[in-house]
Amino acid sequence: RSSTSTFDFGSYHTLDEIYDWMNTLVHDHPTLVSKVQIGQSYESRPLYVLKFSTGGSNRSAIWLDTGIHSREWITQAVGVWTANKIATGYGQDPSITAILDSMDVFIEIIANPDGFAFTHSTDRMWRKTRSINAGSHCIGVDPNRNWDAGFGGSGSSSNPCSELYRGPYAHSEGEVQAIVDFICGHGNVKAVISIHSYSQMLLFPYGYKTAPAPNHQELNELAKKAVSDLATIFGTKYTYGSIAETIYVAAGTTVDWAYKNGVKYSFTFELRDTGHYGFLLPSNQIIPTATETWPALLDIMIHVLEHPY
Amino acid sequence: KKTFVGDQVLHITPRDEEQITLLRLLDDQTHPEVNYWRHPSILGHPADLLVPSSRLQEIKGFLDSHNISYSTMIEDVQKLLDEEMKTMIKSRRT
(Lines give C-alpha, C1' and ligand atoms only; values in the text may rest on other atoms or scores of the structure.)
Protein backbone atom coordinates (compact mmCIF):
# COMPACT_ATOMS: atom_id res chain seq x y z
CA ARG A 1 0.00 0.00 0.00
CA SER A 2 1.24 3.47 -0.86
CA SER A 3 1.49 6.03 1.89
CA THR A 4 -0.11 9.46 2.25
CA SER A 5 3.36 10.71 3.19
CA THR A 6 4.82 9.75 -0.20
CA PHE A 7 1.84 10.86 -2.30
CA ASP A 8 2.74 13.83 -4.47
CA PHE A 9 0.06 16.43 -3.79
CA GLY A 10 1.79 18.75 -6.23
CA SER A 11 1.10 16.55 -9.23
CA TYR A 12 -1.97 15.68 -11.24
CA HIS A 13 -3.14 12.08 -10.90
CA THR A 14 -5.30 9.57 -12.71
CA LEU A 15 -8.62 8.29 -11.42
CA ASP A 16 -7.05 5.03 -10.23
CA GLU A 17 -4.29 6.86 -8.40
CA ILE A 18 -6.78 9.11 -6.62
CA TYR A 19 -9.11 6.23 -5.73
CA ASP A 20 -6.10 4.30 -4.43
CA TRP A 21 -5.00 7.31 -2.40
CA MET A 22 -8.48 7.56 -0.89
CA ASN A 23 -8.09 4.02 0.41
CA THR A 24 -4.75 4.99 1.89
CA LEU A 25 -6.26 8.02 3.62
CA VAL A 26 -8.99 5.85 5.14
CA HIS A 27 -6.36 3.30 6.20
CA ASP A 28 -4.21 5.99 7.83
CA HIS A 29 -7.12 7.66 9.68
CA PRO A 30 -9.51 4.82 10.43
CA THR A 31 -11.30 6.52 13.31
CA LEU A 32 -11.91 9.71 11.37
CA VAL A 33 -12.23 8.97 7.66
CA SER A 34 -14.38 6.46 5.86
CA LYS A 35 -15.30 5.96 2.23
CA VAL A 36 -18.93 5.82 1.18
CA GLN A 37 -20.15 4.78 -2.25
CA ILE A 38 -23.13 6.94 -3.13
CA GLY A 39 -23.88 5.50 -6.55
CA GLN A 40 -22.29 4.78 -9.85
CA SER A 41 -21.58 6.70 -13.00
CA TYR A 42 -23.06 6.13 -16.44
CA GLU A 43 -20.11 3.86 -17.29
CA SER A 44 -20.50 2.04 -13.96
CA ARG A 45 -17.62 3.59 -12.11
CA PRO A 46 -18.19 3.94 -8.36
CA LEU A 47 -18.99 7.39 -6.99
CA TYR A 48 -17.06 7.71 -3.76
CA VAL A 49 -17.45 10.23 -0.98
CA LEU A 50 -14.96 10.63 1.85
CA LYS A 51 -16.72 11.02 5.17
CA PHE A 52 -14.93 12.82 7.99
CA SER A 53 -16.67 12.15 11.26
CA THR A 54 -15.78 11.90 14.92
CA GLY A 55 -18.99 10.12 15.79
CA GLY A 56 -22.55 10.95 16.65
CA SER A 57 -25.52 10.12 14.57
CA ASN A 58 -26.69 12.14 11.60
CA ARG A 59 -24.80 15.23 12.66
CA SER A 60 -25.06 18.47 10.74
CA ALA A 61 -22.82 18.19 7.73
CA ILE A 62 -20.84 20.13 5.17
CA TRP A 63 -20.65 18.86 1.59
CA LEU A 64 -17.79 19.63 -0.80
CA ASP A 65 -17.45 18.40 -4.35
CA THR A 66 -14.72 18.81 -6.92
CA GLY A 67 -14.37 17.73 -10.51
CA ILE A 68 -17.97 17.85 -11.65
CA HIS A 69 -16.48 19.33 -14.83
CA SER A 70 -13.85 16.75 -15.59
CA ARG A 71 -11.32 18.92 -17.40
CA GLU A 72 -10.95 21.26 -14.43
CA TRP A 73 -8.06 19.21 -13.10
CA ILE A 74 -7.00 21.76 -10.52
CA THR A 75 -10.26 21.08 -8.67
CA GLN A 76 -9.73 17.35 -8.14
CA ALA A 77 -6.16 18.10 -7.07
CA VAL A 78 -7.41 20.69 -4.58
CA GLY A 79 -9.97 18.15 -3.35
CA VAL A 80 -7.21 15.65 -2.61
CA TRP A 81 -5.08 18.26 -0.83
CA THR A 82 -8.07 19.50 1.18
CA ALA A 83 -9.12 16.01 2.26
CA ASN A 84 -5.60 15.36 3.46
CA LYS A 85 -5.51 18.72 5.24
CA ILE A 86 -8.70 17.92 7.14
CA ALA A 87 -7.56 14.40 8.03
CA THR A 88 -4.15 15.47 9.27
CA GLY A 89 -5.47 18.65 10.91
CA TYR A 90 -7.94 17.01 13.24
CA GLY A 91 -6.54 17.16 16.76
CA GLN A 92 -3.82 19.57 15.61
CA ASP A 93 -5.63 22.54 14.11
CA PRO A 94 -8.18 24.09 16.50
CA SER A 95 -10.56 25.15 13.72
CA ILE A 96 -10.66 21.76 12.02
CA THR A 97 -11.00 20.08 15.39
CA ALA A 98 -13.88 22.33 16.44
CA ILE A 99 -15.72 21.70 13.18
CA LEU A 100 -15.30 17.93 13.29
CA ASP A 101 -16.18 17.71 16.97
CA SER A 102 -19.64 18.97 16.06
CA MET A 103 -20.19 18.29 12.39
CA ASP A 104 -19.37 15.82 9.64
CA VAL A 105 -17.67 16.75 6.40
CA PHE A 106 -18.26 14.92 3.12
CA ILE A 107 -15.96 15.37 0.14
CA GLU A 108 -16.65 13.96 -3.31
CA ILE A 109 -13.30 14.42 -5.02
CA ILE A 110 -14.24 12.95 -8.40
CA ALA A 111 -17.84 13.95 -9.02
CA ASN A 112 -17.63 12.98 -12.70
CA PRO A 113 -15.37 9.91 -12.92
CA ASP A 114 -16.30 8.94 -16.50
CA GLY A 115 -15.41 12.39 -17.74
CA PHE A 116 -12.23 12.43 -15.66
CA ALA A 117 -11.07 9.05 -17.00
CA PHE A 118 -11.85 10.31 -20.51
CA THR A 119 -9.68 13.39 -19.98
CA HIS A 120 -6.78 11.07 -19.20
CA SER A 121 -7.37 8.51 -21.92
CA THR A 122 -8.78 10.37 -24.90
CA ASP A 123 -9.63 14.04 -24.68
CA ARG A 124 -8.00 16.24 -22.06
CA MET A 125 -10.60 18.94 -22.73
CA TRP A 126 -13.70 16.87 -21.93
CA ARG A 127 -16.16 18.69 -19.63
CA LYS A 128 -19.41 16.73 -19.54
CA THR A 129 -20.56 13.30 -18.46
CA ARG A 130 -20.22 10.42 -20.94
CA SER A 131 -23.87 9.44 -21.33
CA ILE A 132 -25.24 8.71 -24.78
CA ASN A 133 -27.91 11.11 -26.02
CA ALA A 134 -30.73 9.46 -27.93
CA GLY A 135 -30.96 10.75 -31.49
CA SER A 136 -27.63 12.57 -31.39
CA HIS A 137 -24.07 11.63 -32.20
CA CYS A 138 -22.90 13.97 -29.44
CA ILE A 139 -22.03 12.52 -26.06
CA GLY A 140 -22.57 13.81 -22.56
CA VAL A 141 -24.54 16.23 -20.43
CA ASP A 142 -23.23 19.23 -18.54
CA PRO A 143 -23.70 18.06 -14.95
CA ASN A 144 -23.80 21.64 -13.75
CA ARG A 145 -26.90 22.39 -15.81
CA ASN A 146 -28.72 19.17 -14.96
CA TRP A 147 -30.13 20.08 -11.54
CA ASP A 148 -33.75 20.72 -10.73
CA ALA A 149 -33.41 24.45 -10.11
CA GLY A 150 -34.71 26.52 -12.97
CA PHE A 151 -33.87 23.51 -15.15
CA GLY A 152 -34.02 24.32 -18.84
CA GLY A 153 -33.69 28.06 -18.42
CA SER A 154 -31.14 30.57 -19.67
CA GLY A 155 -27.46 29.71 -19.72
CA SER A 156 -28.10 26.10 -20.57
CA SER A 157 -28.64 24.44 -23.93
CA SER A 158 -31.07 21.92 -25.34
CA ASN A 159 -28.51 20.95 -27.99
CA PRO A 160 -26.71 17.71 -27.06
CA CYS A 161 -23.66 18.93 -28.96
CA SER A 162 -23.30 22.00 -26.76
CA GLU A 163 -20.90 22.06 -23.83
CA LEU A 164 -23.83 23.46 -21.84
CA TYR A 165 -26.30 20.69 -22.73
CA ARG A 166 -28.69 20.38 -19.83
CA GLY A 167 -29.77 16.79 -20.52
CA PRO A 168 -33.23 15.44 -21.35
CA TYR A 169 -34.61 16.08 -17.86
CA ALA A 170 -33.43 17.23 -14.45
CA HIS A 171 -31.24 14.69 -12.68
CA SER A 172 -31.00 12.54 -15.81
CA GLU A 173 -27.34 12.01 -14.98
CA GLY A 174 -26.59 9.30 -12.44
CA GLU A 175 -23.71 11.40 -11.14
CA VAL A 176 -26.16 14.20 -10.27
CA GLN A 177 -28.94 11.93 -8.99
CA ALA A 178 -26.49 10.23 -6.63
CA ILE A 179 -25.67 13.54 -4.95
CA VAL A 180 -29.35 14.49 -4.80
CA ASP A 181 -30.22 11.16 -3.18
CA PHE A 182 -27.35 11.42 -0.75
CA ILE A 183 -28.02 14.98 0.39
CA CYS A 184 -31.79 14.49 0.58
CA GLY A 185 -31.35 11.14 2.33
CA HIS A 186 -28.97 12.66 4.83
CA GLY A 187 -31.38 15.46 5.60
CA ASN A 188 -28.97 17.48 7.70
CA VAL A 189 -26.54 19.00 5.21
CA LYS A 190 -26.06 22.64 6.12
CA ALA A 191 -23.54 23.74 3.50
CA VAL A 192 -22.75 22.77 -0.07
CA ILE A 193 -19.53 23.98 -1.63
CA SER A 194 -18.98 23.01 -5.24
CA ILE A 195 -15.53 23.70 -6.63
CA HIS A 196 -14.84 24.64 -10.24
CA SER A 197 -12.17 26.43 -12.23
CA TYR A 198 -11.26 28.97 -13.55
CA SER A 199 -11.76 32.74 -13.19
CA GLN A 200 -11.22 33.38 -9.49
CA MET A 201 -14.70 33.83 -8.12
CA LEU A 202 -16.74 32.83 -5.10
CA LEU A 203 -20.38 32.65 -6.07
CA PHE A 204 -23.72 31.93 -4.43
CA PRO A 205 -27.42 31.74 -5.44
CA TYR A 206 -29.16 32.58 -7.49
CA GLY A 207 -27.79 31.43 -10.81
CA TYR A 208 -31.07 30.94 -12.63
CA LYS A 209 -32.53 34.34 -11.86
CA THR A 210 -31.25 37.80 -11.08
CA ALA A 211 -33.42 38.37 -8.01
CA PRO A 212 -31.41 38.36 -4.78
CA ALA A 213 -31.68 35.25 -2.64
CA PRO A 214 -33.39 35.72 0.75
CA ASN A 215 -30.03 35.25 2.47
CA HIS A 216 -28.15 37.41 -0.01
CA GLN A 217 -26.70 39.79 2.53
CA GLU A 218 -25.34 37.09 4.80
CA LEU A 219 -23.92 35.08 1.91
CA ASN A 220 -22.40 38.20 0.42
CA GLU A 221 -20.72 39.17 3.71
CA LEU A 222 -19.38 35.67 4.17
CA ALA A 223 -18.08 35.56 0.59
CA LYS A 224 -16.41 38.93 1.09
CA LYS A 225 -14.57 37.68 4.17
CA ALA A 226 -13.62 34.41 2.48
CA VAL A 227 -12.08 36.04 -0.60
CA SER A 228 -10.34 38.60 1.58
CA ASP A 229 -8.73 35.84 3.65
CA LEU A 230 -7.86 33.93 0.48
CA ALA A 231 -6.04 36.97 -0.85
CA THR A 232 -3.87 37.27 2.26
CA ILE A 233 -1.91 34.15 1.24
CA PHE A 234 -0.57 35.09 -2.20
CA GLY A 235 -2.56 38.19 -3.09
CA THR A 236 -4.85 36.34 -5.52
CA LYS A 237 -7.85 38.52 -6.23
CA TYR A 238 -11.28 36.90 -6.32
CA THR A 239 -14.57 38.52 -7.18
CA TYR A 240 -17.75 37.42 -5.43
CA GLY A 241 -21.51 37.69 -5.66
CA SER A 242 -24.51 35.82 -6.98
CA ILE A 243 -23.90 33.70 -10.07
CA ALA A 244 -26.48 35.58 -12.11
CA GLU A 245 -25.15 39.02 -11.23
CA THR A 246 -21.46 38.16 -11.34
CA ILE A 247 -21.15 36.09 -14.51
CA TYR A 248 -24.40 35.24 -16.23
CA VAL A 249 -27.74 33.63 -15.70
CA ALA A 250 -27.13 29.89 -15.55
CA ALA A 251 -30.04 27.55 -14.92
CA GLY A 252 -29.86 24.11 -13.38
CA THR A 253 -26.75 24.50 -11.24
CA THR A 254 -25.65 22.61 -8.13
CA VAL A 255 -25.75 25.52 -5.71
CA ASP A 256 -29.21 26.66 -6.76
CA TRP A 257 -30.55 23.15 -6.27
CA ALA A 258 -28.94 22.96 -2.83
CA TYR A 259 -30.29 26.37 -1.84
CA LYS A 260 -33.75 25.54 -3.14
CA ASN A 261 -33.67 22.39 -1.04
CA GLY A 262 -32.94 24.19 2.20
CA VAL A 263 -29.14 24.39 2.25
CA LYS A 264 -28.58 28.02 3.16
CA TYR A 265 -24.80 28.05 2.85
CA SER A 266 -24.51 27.19 -0.79
CA PHE A 267 -21.41 28.33 -2.67
CA THR A 268 -19.40 27.61 -5.75
CA PHE A 269 -15.75 28.45 -6.22
CA GLU A 270 -14.03 29.22 -9.47
CA LEU A 271 -10.34 28.63 -8.74
CA ARG A 272 -7.31 30.11 -10.51
CA ASP A 273 -6.50 31.58 -13.02
CA THR A 274 -7.31 34.55 -15.21
CA GLY A 275 -5.81 34.92 -18.60
CA HIS A 276 -2.86 32.53 -18.60
CA TYR A 277 -3.51 28.80 -18.55
CA GLY A 278 -7.23 28.25 -18.10
CA PHE A 279 -7.89 24.54 -17.62
CA LEU A 280 -4.20 23.80 -18.14
CA LEU A 281 -2.97 25.27 -14.90
CA PRO A 282 0.55 23.85 -14.39
CA SER A 283 0.91 21.37 -11.57
CA ASN A 284 3.37 23.60 -9.73
CA GLN A 285 0.33 25.77 -8.96
CA ILE A 286 -1.69 22.99 -7.30
CA ILE A 287 -0.33 23.47 -3.81
CA PRO A 288 -0.42 27.30 -3.94
CA THR A 289 -4.01 27.13 -5.21
CA ALA A 290 -5.08 24.67 -2.53
CA THR A 291 -3.21 26.58 0.15
CA GLU A 292 -4.90 29.88 -0.65
CA THR A 293 -8.32 28.27 -1.06
CA TRP A 294 -8.12 26.67 2.36
CA PRO A 295 -8.68 29.78 4.54
CA ALA A 296 -11.73 30.65 2.42
CA LEU A 297 -13.16 27.15 2.83
CA LEU A 298 -12.42 27.32 6.52
CA ASP A 299 -14.22 30.67 6.82
CA ILE A 300 -17.34 29.13 5.32
CA MET A 301 -17.12 25.99 7.45
CA ILE A 302 -16.57 27.94 10.67
CA HIS A 303 -19.45 30.26 9.81
CA VAL A 304 -21.69 27.23 9.32
CA LEU A 305 -20.53 25.84 12.66
CA GLU A 306 -21.22 29.13 14.44
CA HIS A 307 -24.57 29.81 12.76
CA PRO A 308 -26.68 26.71 13.23
CA TYR A 309 -30.12 26.71 11.66
CA LYS B 1 -5.72 10.14 -27.91
CA LYS B 2 -6.91 13.45 -29.24
CA THR B 3 -4.13 15.91 -29.94
CA PHE B 4 -4.29 19.67 -29.97
CA VAL B 5 -1.26 20.56 -32.08
CA GLY B 6 -1.39 24.19 -33.12
CA ASP B 7 -4.75 24.74 -31.41
CA GLN B 8 -4.99 28.07 -29.68
CA VAL B 9 -7.00 29.64 -26.88
CA LEU B 10 -8.06 33.17 -27.70
CA HIS B 11 -8.68 35.67 -24.93
CA ILE B 12 -11.50 37.84 -26.23
CA THR B 13 -12.59 41.17 -24.80
CA PRO B 14 -15.99 42.26 -26.10
CA ARG B 15 -16.53 46.01 -26.19
CA ASP B 16 -20.32 46.13 -26.05
CA GLU B 17 -23.49 44.04 -25.90
CA GLU B 18 -23.56 43.69 -29.65
CA GLN B 19 -20.16 42.01 -29.64
CA ILE B 20 -21.26 39.71 -26.81
CA THR B 21 -24.22 38.67 -28.93
CA LEU B 22 -21.94 38.00 -31.88
CA LEU B 23 -19.64 35.90 -29.71
CA ARG B 24 -22.60 33.87 -28.52
CA LEU B 25 -23.32 33.04 -32.14
CA LEU B 26 -20.08 31.11 -32.25
CA ASP B 27 -21.37 29.05 -29.37
CA ASP B 28 -24.82 28.59 -30.86
CA GLN B 29 -23.25 27.14 -33.97
CA THR B 30 -21.67 24.63 -31.59
CA HIS B 31 -19.00 23.24 -33.78
CA PRO B 32 -17.72 20.60 -31.38
CA GLU B 33 -14.11 21.58 -31.95
CA VAL B 34 -14.62 25.25 -31.13
CA ASN B 35 -15.56 25.68 -27.56
CA TYR B 36 -15.64 28.31 -24.94
CA TRP B 37 -13.49 27.79 -21.91
CA ARG B 38 -15.12 30.92 -20.54
CA HIS B 39 -18.39 31.92 -22.07
CA PRO B 40 -19.16 35.44 -23.18
CA SER B 41 -21.13 36.87 -20.30
CA ILE B 42 -21.33 40.46 -19.18
CA LEU B 43 -19.29 43.49 -20.15
CA GLY B 44 -15.95 43.59 -18.41
CA HIS B 45 -15.59 39.82 -18.39
CA PRO B 46 -13.40 38.38 -21.14
CA ALA B 47 -14.27 35.18 -22.94
CA ASP B 48 -11.76 32.43 -23.72
CA LEU B 49 -12.26 30.33 -26.81
CA LEU B 50 -10.44 27.13 -27.79
CA VAL B 51 -9.97 27.07 -31.55
CA PRO B 52 -8.50 24.14 -33.49
CA SER B 53 -5.66 25.01 -35.83
CA SER B 54 -7.84 24.13 -38.83
CA ARG B 55 -10.30 26.92 -37.99
CA LEU B 56 -7.96 29.57 -36.63
CA GLN B 57 -7.99 31.63 -39.80
CA GLU B 58 -11.79 31.53 -40.03
CA ILE B 59 -12.41 32.44 -36.39
CA LYS B 60 -9.78 35.17 -36.30
CA GLY B 61 -11.26 36.51 -39.52
CA PHE B 62 -14.69 36.57 -37.89
CA LEU B 63 -13.35 38.48 -34.87
CA ASP B 64 -11.38 40.91 -37.05
CA SER B 65 -14.32 41.57 -39.34
CA HIS B 66 -16.43 42.61 -36.34
CA ASN B 67 -13.62 44.59 -34.68
CA ILE B 68 -13.69 42.32 -31.67
CA SER B 69 -10.40 42.59 -29.84
CA TYR B 70 -8.57 39.47 -28.73
CA SER B 71 -5.17 38.18 -27.77
CA THR B 72 -3.70 34.71 -27.84
CA MET B 73 -3.83 33.23 -24.37
CA ILE B 74 -2.30 29.87 -25.33
CA GLU B 75 -0.23 29.66 -28.52
CA ASP B 76 -0.17 25.88 -28.78
CA VAL B 77 -2.39 23.83 -26.49
CA GLN B 78 -0.50 20.62 -27.24
CA LYS B 79 2.76 22.09 -25.96
CA LEU B 80 1.17 22.68 -22.56
CA LEU B 81 -0.35 19.20 -22.60
CA ASP B 82 3.04 17.65 -23.40
CA GLU B 83 4.55 19.56 -20.52
CA GLU B 84 1.71 18.44 -18.23
CA MET B 85 2.23 14.78 -19.17
CA LYS B 86 6.01 15.05 -18.73
CA THR B 87 5.50 16.44 -15.22
CA MET B 88 3.05 13.66 -14.31
CA ILE B 89 5.45 10.96 -15.51
CA LYS B 90 8.31 12.57 -13.57
CA SER B 91 6.18 12.64 -10.42
CA ARG B 92 5.30 8.96 -10.79
CA ARG B 93 8.99 8.02 -11.20
CA THR B 94 9.84 9.97 -8.04
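In the text below, chain A, chain B and the rest are named by the order of the sequence lines, each starting its count at 1. Since the model is a prediction, treat every value here as computed from it, not as a measurement.
- Put simply, the side chain of A:Thr274 reaches to within 4.5 Å of the side chain of B:Arg38, judged on heavy atoms.
- Both the backbone and the side chain of A:Ser199 come within contact range of chain B, judged by heavy atoms closer than 4.5 Å.
- Looking at heavy atoms from C-beta onward, A:Met201 lies in side-chain contact with B:His45 at the 4.5 angstrom threshold.
- For the pair A:Leu164 and B:His39, the minimum side-chain heavy-atom distance is below 4.5 Å.
- Contact of B:Phe4 with chain A is made through the side chain alone, with heavy-atom distances under 4.5 Å.
- The side-chain heavy atoms of B:Leu80 and A:Phe279, taken from C-beta on, include no pair separated by under 4.5 Å.
- How far OH of A:Tyr277 is from CD of B:Glu84: 12.0 Å, rounded to the nearest 0.5 Å.
- Interface summary for chain B: among A:Val249, A:Thr239, A:Thr122, the most heavy-atom pairs under 4.5 angstrom belong to A:Thr122.
- Interface residue A:Glu17: only side-chain heavy atoms are found under 4.5 Å from chain B.
- Smallest separation of non-hydrogen atoms from B:Ser91 and A:Asp8: OG-OD2, 2.8 Å.
- Of the inter-residue distances, the one linking B:His11 atom NE2 with A:His276 atom NE2 reads 8.5 Å to the nearest 0.5 angstrom.
- In terms of heavy-atom pairs under 4.5 Å with chain B, the best-connected choice from A:Arg71, A:His13, A:Glu270 is A:Arg71.
- Heavy atoms of A:His120 lying under 4.5 Å from chain B belong to its backbone as well as its side chain.
- Residue A:Glu72: no heavy atom, backbone or side chain, is found under 4.5 Å from chain B.
- We find the CG-CE distance between B:Leu50 and A:Met125 to be 7.0 Å, quoted to the nearest 0.5 Å.
- Distance check, rounded to the nearest 0.5 Å: OG of A:Ser283 to NZ of B:Lys86 gives 12.0 Å.
- The shortest non-hydrogen separation linking A:Tyr248 to B:Ser41 is CD2-CB, 3.3 Å.
- By the 6.0 Å contact criterion, CD1 on A:Ile132 is open, its count of non-hydrogen atoms from other residues, nucleotides or ligands being 12 or less.
- The structure places OG of A:Ser11 at 7.0 Å from CZ of B:Arg92, a figure rounded to the nearest 0.5 Å.
- Expressed to the nearest 0.5 Å, how far CD1 of B:Ile74 lies from CG of A:Leu280 amounts to 5.0 Å.
- A 6.0 Å sphere centred on CD of B:Glu18 holds no more than 12 heavy atoms belonging to other residues, nucleotides or ligands.
- Other residues, nucleotides and ligands contribute at most 12 non-hydrogen atoms within 6.0 Å of the NZ atom of A:Lys224.
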